[in-house]
Structures are given as structure tokens and as C-alpha cells.
Number of protein chains: 2
Amino acid sequence: MTPSDAIRAAGLRRTPARLTVYTHIQALARPVSHAELQEHPAIAAIDAITLYRTLAALLHGSLLHRVHGIDGTWRYCVQPRGAEGCPGNHAHFLCTTCGAMACLVAQPMPRVDVPTGAVVHGRHFLVHGQCGTCNANPSQPARHGDTA
Amino acid sequence: MTPSDAIRAAGLRRTPARLTVYTHIQALARPVSHAELQEHPAIAAIDAITLYRTLAALLHGSLLHRVHGIDGTWRYCVQPRGAEGCPGNHAHFLCTTCGAMACLVAQPMPRVDVPTGAVVHGRHFLVHGQCGTCNANPSQPARHGDTA
DNA sequence: GCTTTACATGCAAGTGACCTTCAGATAGGG
DNA sequence: CCCTATCTGAAGGTCACTTGCATGTAAAGC
């Protein structure tokens, strides 16, 4: 399914902003923040507020999912269509030096016992530290995307 | 060990603000945010910036530890002296309706495999949803502290 | 007990993520 | 091709948190 079709299939209008953003995030294939997206020329042309709303729309249409970092920002990643998606099924690694986030797809989310009466809406399992690149070059933080 | 002694033992100056804040957090025995602390009259008298710095000092002295919520705020909780502490050894539950957080002490933090070369500094496992109180009274969000 | 000084506090101002409002633009059904 | 629901952009606001600087104070040294 092309990005264009995916947007329509999700019941959303196919606007240039949504196409650009969705195509971009799909190409990156790792969780990226609002700020990281804005670094790209094609996306920088889109108003910052529109980018927030575009991400919210794609999220609502289940085309993306998002992960919260301990740096206070959300990162967005393509949602495999038909699958449960990131938030419910694996952990993430956040490099606190360069800000890059990686999916730990091999790390399944453990089951949890919550207090009686409580209802679980979601789970976030975040491991933070330093990625291999930043660890190897302490003086030169890696550019976003250098980390696997 | 009294709060006063604990502060000194951590190599910190024993100031009124630190004594008040530490005693208070110790009495609550659950993760509380900066905003929740300010609701208390004794702490409301302390300048908000000073409260941030007091929490940072107690954190640095290993008297407290903090947990990040997906609502973008840190919550602080007493650090059992000598123990590894919350962040490394159990999960937390956050009620997205009333904002209360509870420690899931029975839920140990799972082991994780990170990409080669990466170094782990910490792990956050947060379960979010609705606590029993909020779930029972959808119209009346629970006051902080009502939840176990 | 008194002095000294390094550290703590309070205030003002700033940053960064994100939301709300509203007028103008546009996708896409009819 | 038009009309309307929806999207976009710009301005302005909120909230958590930080920084800089002058004043206040804990506690070490005498």
C-alpha cells in the first residue's frame, strides 16, 4: 500500500503535509521526535503546529504509534498495519547523549499485575543510556540516525 | 535515622526547606510530583524554584529517586537507603485521570538486551491507565493519594 | 560565641514542548 | 465545478523546568 492509499484507508484526507510526513517517517523506520522531523528540509517547510496536528491525525488513524522518552518528548514511528504495534509489544532504547531512539523488537513487554480495580491502557518500557556510537566517541555526540 | 540525620549523612546542608520536603515525601511513601508537593501548605511556602533545587539536591544525595510519567512530569519517592532503589527494580502505575502514581513493587524489572556497544544507565517501566477509584467514579477524578 | 565563606534561597527572566483560537485555504463528495 | 467539512498557518498561551544573580544562612574554623 502506498503512503497515499494508507492515508485514505485510515479515513484521513490526503494532504501534502500528511503525505510528506508519513512518507518520511516510514523511510526512517525508527522512532523520531517532532524536533528531529523538523530538521529535514521538506518537513521544515511545514508549520510546526501543523506538524503536531499531522502527527496527531496519523496517530489517530493508527498509521503511527508513539513512544515517550524521559527527555519529555514523544517519538513517532510507523505502525505496522494490522499489528498491535510498538507500545504494546516491545521495549525501546533511548540514548541520552544524542537523543536517538531504537526499538528493541526482541524485548517483549512483560505482563503486569496492577492494583485491584485498575484498568491498563498501555505500557511503556524504556531503557536509557548511551548508544554504541556515543559511547565510542564521548566528545562527538552521534547525529540522529547513526545508531541502529 | 531521622530525616535530619539522613540529610547530613548524604553530605547535604540541613536547611528548613530540605527537612520539610524530605519529611513530607517520606510520609507520603509514594511517587509525588512537584505540583502535588506544592499543594501542601508547608511546602507551598517554599519557592517553586527552590523546591526544584531541593528535589535535585535530595536526588543527588541518593535520598530520593524519581520516576518519569508519560504526562511529562517527574515524580519523586524516598530511596530506601542501601537499596538499589525504585528505578532499577520495579514498575510503576500511573492513573492518567487523577495523575496518581503507585509503585508496583511486586513487578520486577525484566532484563534487557541492548544493541552492541550500548551502555544502560537506567530502565523505566511504566504502566498507565485508570486507577480503581477513578474507574469506579468516572465523573469524579480521585484526589491524589486516594489510590493504593 | 563570633566570624567567615561556601552553599542555599528567592526573584526575574528564559527555554522548549505542546495546546488553543481563529481566519483563510483546500480536499473531495455531490 | 461547486460547496462544505476539514486542514493549515499564525498568534498567543500554558506548563514543566532551567539559568543568572543578589541576598540569606548553615556550619566549619577560630
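From a predicted model like this one, the values you see are computed outputs, not experimental measurements.
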Exercise for review: Could you tell me whether the side chain of B/N135 and the main chain of A/G117 form a donor-acceptor pair under 3.5 Å?
Suggested key: yes
Practice item. Map B/W74 and B/R14 onto DNA chain D by nearest heavy atom, then report which one ends up closer to the 5' terminus. Key: B/W74
Review point. How sharply is the helix from C/dG1-D/dC30 to C/dG30-D/dC1 bent, taking the axes over five pairs at either end and rounding to 10 degrees?
Key: 30°
Practice item. Could you tell me whether B/A17 contacts a base, only the sugar-phosphate backbone, or nothing, with contacts defined as non-hydrogen atoms closer than 4.0 Å? Key: sugar-phosphate
Review point. Do the side-chain N or O atoms of B/R8 get closer than 4.0 angstrom to the phosphate oxygens (OP1, OP2) of D/dA28?
Key: yes
Practice item. Name the nucleic acid region contacted by B/T54, choosing base, sugar-phosphate or nothing; use a 4.0 angstrom heavy-atom cut-off, strictly under. Key: sugar-phosphate
Review point. Is the shortest heavy-atom distance from the side chain of A/L104 to the side chain of B/P115 under 4.5 Å?
Key: yes
Practice item. Scan side-chain atoms only and decide if B/Q26 and B/T23 contain a donor-acceptor pair under the 3.5 Å cut-off. Key: no
Practice item. Whole angstrom is fine here: how far is it from CZ in A/R13 over to P in D/dT8? Key: 9 Å
Practice item. May I ask you to check whether A/H68 and B/H68 place their ring centers less than 6.0 Å from one another? Key: yes
Review point. How long is the line joining CG of B/L12 and C1' of D/dA27, in whole Å?
Key: 14 Å
Check your understanding: Quick one: which of D/dG24, D/dC17, D/dA10 gets closest to the side chain of A/D47?
Key -> D/dA10
Check your understanding: Do A/R18 and A/T20 meet the criterion of a side-chain donor-acceptor pair at a distance under 3.5 Å?
Key -> no
Review point. First and last nucleotide of DNA chain C touching chain A, 5' to 3', heavy-atom cut-off 4.0 Å?
Key: C/dA17 to C/dG29
Review point. Tell me: CG of A/L19 to C1' of D/dT8, nearest whole Å?
Key: 15 Å
Review point. Between D/dC7 and A/T15, is there an OP1 or OP2 to side-chain N/O distance shorter than 4.0 Å?
Key: no
Check your understanding: Contact class for A/T73 vs. all strands (heavy atom < 4.0 Å): base, sugar-phosphate, or nothing?
Key -> sugar-phosphate
**Study point:** Donor on one side chain, acceptor on other, A/S4 and A/R14, under 3.5 Å
**Key:** yes
Point to revise | Integer-rounded Å distance: D/dA16 P and B/H68 NE2 | key: 11 Å
Review point. Got a sec: does the NE2 of B/H121 have more than 12 other heavy atoms crowding it under 6.0 Å?
Key: yes
Practice item. Apply side chain to side chain contact (heavy atoms under 4.5 Å, CB included) to the pair B/V78 and B/L63, showing each step before the final yes or no. Key: CA-CA 6 Å; B/V78 287; B/L63 293 169; over 6 Å; no
Practice item. Return the value, rounded to whole Å, for the distance between atom CG of A/L51 and atom P of D/dA10. Key: 14 Å
Exercise for review: Specify the separation, in whole Å, of atom CG of B/D5 and atom P of D/dA27.
Suggested key: 12 Å
Point to revise | Side-chain donor-acceptor pair present, A/H24, A/H40, cut-off under 3.5 Å | key: yes
Practice item. Taking all non-hydrogen atoms of both residues into account, name the closest pair between A/I43 and A/L51 and its distance. Key: CG2-CD2, 3.8 Å
**Study point:** Distance flag, aromatic centroids of B/H65 and B/Y76, threshold under 6.0 Å
**Key:** no
Please list, for nucleotides 18-22 of chain D, all pairs of protein and nucleotide N/O atoms separated by less than 3.5 Å.
from: D/dG20; atom 1: O6; to: B/R53; atom 2: NH1; distance (Å): 3.3

**Study point:** Centroid separation B/H128 to B/F93 less than 6.0 Å
**Key:** no
